[in-house]
Amino acid sequence: MSKHAVVLEYKRCRGCTTCIKTCPTEAIRVRSGKAFILDDRCIDCGKCIRVCPHKAIKSVGDSLARLQEFDCCVALPEPALYGQFQNLDDINLVLNALLRIGFHRVYEVSRAAELLSDYNRQECLNAKDAAVPQISSSCPTVLRLIRMRYPRLIDHLTNAVMPMELAAILARREAAQATSLPPERIGVFAIVPCSAKATAARSPEVLKEPVLDGAFAIRDIYLRLLSPMRELCEEGVQLEPLISSGLTGVGWGVCGGETAARPGQQCVVVDGVENVIRMLGEIEDGRIPEAGFIELNACTQGCVGGCFTVENPYAARMRLGALMNRLPVSRNCFLFQGPDRNLAKFQRKITYTPAFLLDADRGAAMEKQLQIQDLENHLPGLHCGSCGAPSCHAFAEDVVMGRASVEDCIFRVRARMQHMAGPGEADEYLPAPFRRQQPPAAKGSEPSA
Amino acid sequence: METIKLVYPVDGGDLIEAGEASSKMKLTLKRLGLPPDVIRRASICMYEGEINMVIHADGGEAQVEVGMDEITIRMTDTGPGIPDVDQAMKEGFSTAGPTARELGFGAGMGLPNMKRYADELAIETEVGRGTVVTMKLKIPS
């Protein structure tokens, strides 16, 4: 099984090529009427999930049945969850409802986020020799992008684990102490806004091994929470005060939340994967010298824009903002001493894994590049997608890399057929977008494909 | 082995889009697996060259040749030429107009940066005819 949480529902896919064009890393191809994802290029941004007109590309969180595997289950709700509900004025309602759908305990991801806000503040004050600008390491899609394409920026990452990961470590410890159960009997599950975090739960980027037992999609949990939330309101019971974070932590659910804890630093906040890619390219060349910190969110408006969310990201942002107004600034300080301090740090360095490298040997890579350019010069440059690749360049690369045959280009095939059969009217038919206006003198002559 | 040739047209009058050629070149160089430091320096050189061509020469063309041990970037334009190359090479010297300056360009660092980041820099220029800036970067094996 692929480590990615993005999967194709085979029956639904009609091979329409919509997805291949929107993928920011050109990671999708269509073959024999079905799309498939090149695993080593996928950054789990969720773009294809959003654009698929047949809802064939999906991302799956774990099934709630997994809660049966453990004696004690801890829910780790991401702050984006709180922004999904209309008329919510107390986060405790959500947290209490979680205890009615099979979880035994709750540990807010925003609590760990708040610890990380404090940790980052201490670290960036102390680390004068850190590479500037620092780049946030909280969005797994961004981590994957940097790992694949921006080797020089690896040292710029803030070196802090994701809030969800720190939450998992602390939640398991807290639950083990409270229940006296062995840690492996405790199930720690994040409730995540996006496929990237579902993938990260399974296969972490900066941890030696997974610290979560699974991840549920906000969308799936949302539906289950509605009834218990209504019941809790109707019963009129006093809600257990489970909330343990302030607005500093909850703010991580939207873009700018991580940056808010960095007063006195010049910060850039970016959302949307195309904008992130553009920004990474500019930082790589040192074009934003005044910036001290760059917060990068692959989704529009930050985590509230994740592909697992229910609400439109702008509405969710507004609601989260209203909830934050009722919270204290912070409820947590990072006081970890001794080895515990390392809990917040990367356990292993990110290593450059260039998914786009033509060949590990430079000479061979250059040879391939020459072949690609040569072939590309003989392609129509229409990027029609009929070959199943997002562009003529990607197709040429596929051919040279052995992933496609040059005969997969309908224009090449057409030219060959015409050559074999001689010019005829039927052969010259082209769908409207591909027709070329003929200069008057050339009328009747063969269109050059 | 044959060298790889890349050609990028640079449109004049569009400072906002300047930098596109260097971004595209960077992607290709990464596919080839060149050392990150060389890629970065080449990208900066190209970017500065692009900006210069847009500000001063109403655009031009960037040609890149990648060989096994050297990258050559040649920026060719048919602009006004550089009357005094020594002066133009000085940090802080710029003849950029008010529009470019309003956008944050014209700090007089273009050519000095190219000299700093390239291993070799050659400027052929003729007033009224145009300029060719050639930069070479060595690729350590």
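Reminder, nothing fancy here: chain letters follow the sequence lines and each chain counts from 1.
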Anything in residues 279-291 of chain A with a heavy-atom distance to chain B below 4.5 Å? Please list those residues in order. G281(A), E284(A), D285(A), R287(A)
Evaluate the criterion side-chain contact (heavy atoms from CB on, under 4.5 Å) for residue pair V66(B) and R362(A); output intermediate values, then yes/no. CA-CA 11 Å; V66(B) 189; R362(A) 200 194 301 156; over 6 Å; no
Point-to-point distance, once rounded to the nearest 0.5 Å, from OH of Y150(A) to CZ of R40(B): 15.0 Å
Relative to chain A, which segment of K30(B) carries a heavy atom at a distance below 4.5 Å: side chain, backbone, both, or neither? both
Judged by atom type as modelled, is there a donor-acceptor pair below 3.5 Å linking the side chain of Q373(A) to the main-chain atoms of I4(B)? no
More than 12 heavy atoms from other groups under 6.0 Å of CZ on R50(A): yes
dist E2(B):CD -> Q369(A):CD (nearest 0.5 Å) comes out at 12.0 Å
Can you tell which part of S22(B) gets under 4.5 Å to a heavy atom of chain A, answering side chain, backbone, both or neither? side chain
Could you pull out the closest heavy-atom pair between L32(B) and L358(A), with the gap in Å? CD2-CD1, 4.3 Å
Is the number of heavy atoms from other residues, nucleotides or ligands under 6.0 Å of R31(A) CZ greater than 12? yes
Measure distances from P354(A) to the heavy atoms of chain B and classify the residue's part below 4.5 Å as side chain, backbone, both or neither. neither
I'd like to know whether CD of E407(A) has more than 12 heavy-atom contacts from other residues, nucleotides or ligands below 6.0 angstrom. yes
In this structure, are over 12 heavy atoms from other groups packed under 6.0 Å from K21(A) atom NZ? yes
